[in-house]
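Take a look at the structure set out below.
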Amino acid sequence: MVRHPLSKTSNKYLRKYRKWPHSPYKTLWHHNFGENQAMRILKQAAKTSTMASSHDNLNLNHPCLLSTLIHSFKTYSCDPTPNAFYFLFKTLSHTSRLHDIPPILDHLEHVEKFETPEYIFGYLIRIYGRFGKIQEAVDLFYRIPKFRCAPTVCSLNLLLSVLCRNRECLNMVPQILLKSQHMNIRIEESTFGVLIKALCRFNRVGFAIEMLNCMIDDGYNLDDSICSLIISSLCEQRDMTSVDALCFWGDIRRLGFCPGVMDYSNLIRFLVREGRGRDALDILNQMKEDGIKPDIVCYTMVLSGVVADRDYVKADELFDELIVLGLVPDIYTYNVYINGLCKQNNLEEALKILASMEDLGCKSNVVTYNTLLAALCKARELSKARGLMKEMKLKGVEPNLHTYRIMLDGLIGNVEIIEACLLLEEMLEKRFYPRSSTFDNIIHEMCQKGLVKEALELMKKIVAESFAPGARAWEALLLNSGSELTYSETTLSGLVKPKESQLSKWMGGFSELKANLLSIQDDVLHFAGTVRFHL
DNA sequence: TTAGGGTTAG
């Protein structure tokens with residue numbers, strides 16, 4: 001109804017100028033008022049019903065919301081509105097009373113005359129999906145026309161996404177698509193989006209690409225968001241080769257796909273992970289040619305790819321380039337760059353970067369220190385490594401498992417056994433364990449130095465922690481305990497229960513160490529048993 | 001407009 005501006009001459013409906021009296025319920029205002037009042041009653045009833053349902057799991061005393069709806073609208077001489085039904089469905093779903101929905105749908109189908117809006121069905125399909133009532137969702141979809149509603153791709157997409165969430169329901173999809181054709185629903189790009197998303201979720205990226213190709217062959221537009229989705233899924237795949245990925249990338253680019261920063265970033269990450277630093281660099285250059293400024297993350301990833309390729313000249317170029325572009329290197333960038341310097345054995349420069357990082361507002365972290373510590377240990381610069389470990393602690397950077405393992409290996413490599421033992425003590429206190437081979441080396445070196453008793457103590461301690469020493473440790477102990485047994489004759493190291501005869505042979509002749517050995521024997525047997533049980 | 005995506009080690 002079009003309202004005219006109020007004027008004394010034109011508006012006959014103003015009480016003052018009205019020629020004919022009319023029923024108090026005939027104006028739009030009254031109509032709206034009636035509907036609002038009816039809704040108010042319905043909402044009140046729904047509130048009571050919700051409270052009842054929270055106290056009454058058997059649903060025995062719920063007022064019938066449908067009859068409340070009908071009566072409240074009747075009281076105000078209005079026809080029930082679609083919104084009132086929508087409200088009813090929402091109330092029922094919020095109180096998990098899905099069994100009350102079918103009678104209301106029957107009423108809606110057979111009694112009401114209005115064209116039911118599609119969003120109501122969309123809502124119900126989603127709710128049925130959420131409650132795992134797949135068949136109900138499908139039946140309702142087929143039934144939509146009976147409610148004087150022409151279903152569109154919206155309902156179809158909703159139903160498909162419900163089905164696609166569940167692997168077992170995927171086989172229903174073709175039938176639904178076929179039926180939707182008979183229902184005059186026109187499939188859109190969004191429908192392909194739903195299906196492709198499902199295929200990606202189930203790691204069937206190959207099929208997703210096939211579907212994208214079908215979509216293009218059928219004359220649909222290439223959808224950028226679908227391409228982005230496939231790229232991100234594709235880059236998560238383990239069995240996808242970089243050749244496949246680059247091939248797909250080239251194809252969709254030729255078809256007009258405009259990648260965003262995240263698409264480039266996903267592809268670069270994938271290529272670097274695959275060891276294709278050079279290809280990652282090409283993509284970075286492509287990005288620049290496309291007028292998209294790569295951000296620090298893209299640069300850092302490509303930098304790490306180039307460092308992995310040992311192309312240090314390129315790494316330097318890239319680092320300079322990102323600075324020129326105005327990007328600010330962050331901790332990841334510095335760590336990658338420092339790693340590159342360490343790989344070139346340019347430790348002096350790497351340490352200089354560490355020193356200057358903080359002046360540039362970037363705080364070093366455990367990765368920075370681990371990288372440098374490993375390089376220093378490798379270069380046998382043990383005193384510098386010790387100093388750096390002290391420094392990191394002073395700066396509040398907590399050493400992690402790797403820090404200890406790096407330092408421990410460094411100490412053993414330099415035959416600093418006593419210091420290694422002290423560090424190992426510190427590690428064990430933090431419940432960090434060395435690599436098995438490192439531990440074996442420690443035991444081996446201790447035995448070499450005649451510290452057999454201490455080695456046994458250490459062995460006992462670590463076995464009590466459920467740590468499994470390796471073959472070399474047992475062999476070192478056996479050989480240095482004066483036993484005639486060699487490692488090949490024992491099966492203890494393989495965590496297989498040793499024969500009693502072997503153990504007694506092993507024990508024999510070491511009166512001094514016997515007590516220790518016996519208790520170790522118990523621990524090892526217990527431990528071996530546990531491990532075998534779990535295997 | 002922003003975040004997301006990124007580093008080391010066996």
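All values reported here derive from a predicted model rather than from experimental measurement. Just so it is clear: chains get the letters A, B, ... in the order the sequence lines come, proteins before strands, and each one is counted from 1.
For the pair A:Asp295 CG and B:dT1 P, the computed distance is 16 Å after rounding to whole Å. The CG-P distance, from A:Leu327 to B:dG5, rounds to 19 Å in whole Å.
Interface remark: the A:Ser232 side chain does not form any donor-acceptor pair with the B:dG5 base, using a distance-only criterion of under 3.5 Å.
At a cut-off of 3.5 Å, with distance as the only test, a side-chain donor of A:Glu118 or A:Thr152 sits close to an acceptor on the other residue. Residues A:Tyr337 and A:Asp316 bring a donor and an acceptor atom of their side chains to less than 3.5 Å of each other. With no hydrogens or angles considered, a side-chain donor-acceptor pair links A:Tyr369 and A:Glu391 at under 3.5 Å. For A:Asn441 and A:Thr438, the side-chain atoms include no donor-acceptor pair closer than 3.5 Å. Of the N and O atoms on the side chains of A:Arg310 and A:Gln344, not one donor lies less than 3.5 Å from an acceptor on the other residue. In the model, A:Arg130 has no side-chain atom that pairs as donor or acceptor with a side-chain atom of A:Tyr128 under 3.5 Å. Defined by atom type and a distance below 3.5 Å, a donor-acceptor pair is missing between the side-chain atoms of A:Thr371 and A:Asn339.
Near-neighbour residues of DNA chain B inside residues 255-268 of chain A, defined by a heavy atom below 4.0 Å, number-ordered: A:Val261, A:Met262, A:Ser265. Near DNA chain B, meaning a heavy atom under 4.0 Å away, there are no residues from residues 378-388 of chain A.
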**Study point:** Evaluation steps, salt bridge (charged side-chain N to carboxylate O under 4.0 Å, His left out), between A:Arg435 and A:Asp440
**Key:** CA-CA 9 Å; A:Arg435 273 192 285 270; A:Asp440 292 0; over 6 Å; no
**Study point:** A:Glu457 and A:Lys460: CA distance, side-chain angles, deciding distance, salt bridge (charged side-chain N to carboxylate O under 4.0 Å, His left out) verdict
**Key:** CA-CA 5 Å; A:Glu457 277 300 322; A:Lys460 189 179 166 187; 5.3 Å; no
Polar atoms only, N or O, under 3.5 Å: list the protein pairs with nucleotides 6-9 of chain B and their distances.
from	atom 1	to	atom 2	distance (Å)
B:dG6	N1	A:Asp330	OD1	3.4
B:dG6	N1	A:Asp330	OD2	2.6
B:dG6	N2	A:Thr300	OG1	2.8
B:dG6	N2	A:Asp330	OD1	2.6
B:dG6	N2	A:Asp330	OD2	3.1
B:dG6	N2	A:Thr333	OG1	3.4
B:dT7	O2	A:Asn335	ND2	2.2
B:dA9	N1	A:His402	NE2	3.2
B:dA9	N3	A:His402	ND1	3.1
B:dA9	N3	A:His402	NE2	3.1

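Ring centroid separation for the pair A:Tyr123 and A:Phe89 does not come in under the 6.0 Å cut-off.
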